[in-house]
Amino acid sequence: MLKVANSVISASRITGVLPVVNGGTGVTTSTGTGNTVLSAAPTLSGNVTLSTGNLVVSDTKGIDFSATPGTGTSELLADYEEGTYTPTFTPNTSGTLVLNSADSRNKFVYTKTGRSVAITGYVQFLGSSTPVGTSVAISLPFAASDGGGTIGGAGIVAVFNGVTYLFNLNAGASTMTWTIAASSITDGLFLTLSFNYTAT
């Protein structure tokens, strides 16, 4: 055990294999800002408890479940995110659709776990500028991995003006297609939906 009283030892002078809290060993180095970095792939035994702060994972890294039985192509949970966004609605021919920004419910809420994205939303249309087209593109927070097929039925609940609609994901794009006459989306009408999809 290393004990220091009334003195400072430079981090560059502390090297080697040192004990690690909760058992195990690993090479430790100080960042000089009160943090300790474990290197050389240390092995910890017992539970690890964070009394303050968070466990921060570097980009593209995550929790590796490969030690558990599985036959998938990846067992790395490398992403989690939750948030809200205001979608855009673009007719496929011309014109624009305007949302009622005064309505506090006017947003989509999403949760992304790995590549699985769950979205629920409500938007009210305030008006339009002569929308023309047979479909409307709705923006998504993440690009979809697959497209072409409808994400209707049990996978989505989308009601507009009392009618349930089906949507198509656009593969590799951050949009989905709503097959509807753009001119029928008028002031005061609202859309509610809930669905899941797989991101790229």
Side-chain angles (χ1 to χ4, degrees), residues 54 56-63 65 71-200:
N54 300 303
V56 180
V57 180
S58 299
D59 189 28
T60 73
K61 304 302 180 181
I63 303 174
F65 292 94
T71 59
T73 58
S74 175
E75 293 185 75
L76 183 69
L77 177 59
D79 191 22
Y80 177 84
E81 181 179 336
E82 56 186 53
T84 63
Y85 78 105
T86 302
T88 59
F89 293 78
T90 307
N92 67 322
T93 300
S94 63
T96 59
L97 294 169
V98 182
L99 301 181
N100 182 7
S101 59
D103 192 331
S104 61
R105 299 170 296 173
N106 210 39
K107 61 188 176 183
F108 283 5
V109 179
Y110 69 85
T111 300
K112 183 175 187 287
T113 306
R115 294 174 58 205
S116 178
V117 183
I119 292 181
T120 59
Y122 165 97
V123 292
Q124 183 185 59
F125 296 95
L126 178 63
S128 61
S129 177
T130 60
V132 179
T134 57
S135 66
V136 174
I138 305 175
S139 63
L140 298 172
F142 308 97
S145 64
D146 298 310
T150 58
I151 50 174
I156 187 170
V157 177
V159 179
F160 177 73
N161 201 22
V163 179
T164 300
Y165 286 86
L166 298 181
F167 295 77
N168 288 327
L169 290 169
N170 299 313
S174 298
T175 60
M176 64 180 180
T177 299
W178 179 14
T179 303
I180 187 175
S183 59
S184 68
I185 305 175
T186 56
D187 187 21
L189 294 179
F190 62 89
L191 170 71
T192 60
L193 56 77
S194 176
F195 67 98
N196 298 270
Y197 74 97
T198 302
T200 54

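Atoms considered below: every heavy atom in the structure, side chains included; atoms not considered: hydrogens, waters and symmetry mates. Please read all numbers here as calculations on a predicted model, not as lab measurements.
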Pairwise side-chain contact, Ile185 with Pro131, heavy-atom cut-off 4.5 Å (strictly under): no

Shortest non-hydrogen contact between Ala199 and Lys112, atoms and distance: CB-CE, 4.1 Å

Shortest non-hydrogen contact between Thr60 and Ala78, atoms and distance: O-CB, 4.3 Å

For Pro87 against Ser139, the heavy-atom pair lying closest together: CA-OG, 3.3 Å

Asn106 to Ser101 - nearest heavy-atom pair and separation: ND2-N, 4.2 Å

Separation between CG of Asp187 and CG of Leu97, rounded to the nearest 0.5 Å: 11.5 Å

Candidate list Thr88, Leu126, Thr86, test side chain to side chain contact (heavy atoms under 4.5 Å, CB included), partner Leu99, passing option: Thr86

Non-hydrogen side-chain atoms of Tyr197 and Ile119 separated by less than 4.5 Å: yes

Heavy-atom side-chain contact between Phe142 and Arg115 under 4.5 Å: no

Phe89 vs Leu191 side-chain heavy atoms within contact, under 4.5 Å: yes

Other residues, nucleotides, ligands: >12 heavy atoms within 6.0 Å of Phe190 CZ: no

4.5 Å side-chain heavy-atom contact, Ser94 and Thr130: no

Donor-acceptor pair, side chain of Asn100 and main chain of Ala102, under 3.5 angstrom: yes

Contact check, side chains of Trp178 and Leu193, non-hydrogen atoms, under 4.5 Å: no

Separation between CZ of Phe160 and CG of Leu189, rounded to the nearest 0.5 Å: 4.5 Å

Contact check, side chains of Met176 and Phe195, non-hydrogen atoms, under 4.5 Å: yes

Under 3.5 Å: donor-acceptor pair, side chain of Ser135, backbone of Asn92: no

From OG1 (Thr175) to CG (Leu169), nearest 0.5 Å: 8.5 Å

Contacts of Lys107 that satisfy salt bridge (charged side-chain N to carboxylate O under 4.0 Å, His left out) - sequence neighbours left out: none

Donor on one side chain, acceptor on other, Asn196 and Ser116, under 3.5 Å: no

Any Asp103 side-chain heavy atom under 4.5 Å of Tyr122 side chain: yes

For the student: nearest non-hydrogen atoms of Val136 and Ala182, plus distance: CG2-CB, 4.1 Å

Flag, side chain of Asn168 to backbone of Thr177, donor-acceptor distance under 3.5 Å: no

Lys61 side, atom NZ; Asp79 side, atom CG - distance, nearest 0.5 Å: 14.5 Å

Side chain to side chain contact (heavy atoms under 4.5 Å, CB included) between Thr93 and Thr134, worked out: CA-CA 8 Å; Thr93 300; Thr134 57; over 6 Å; no

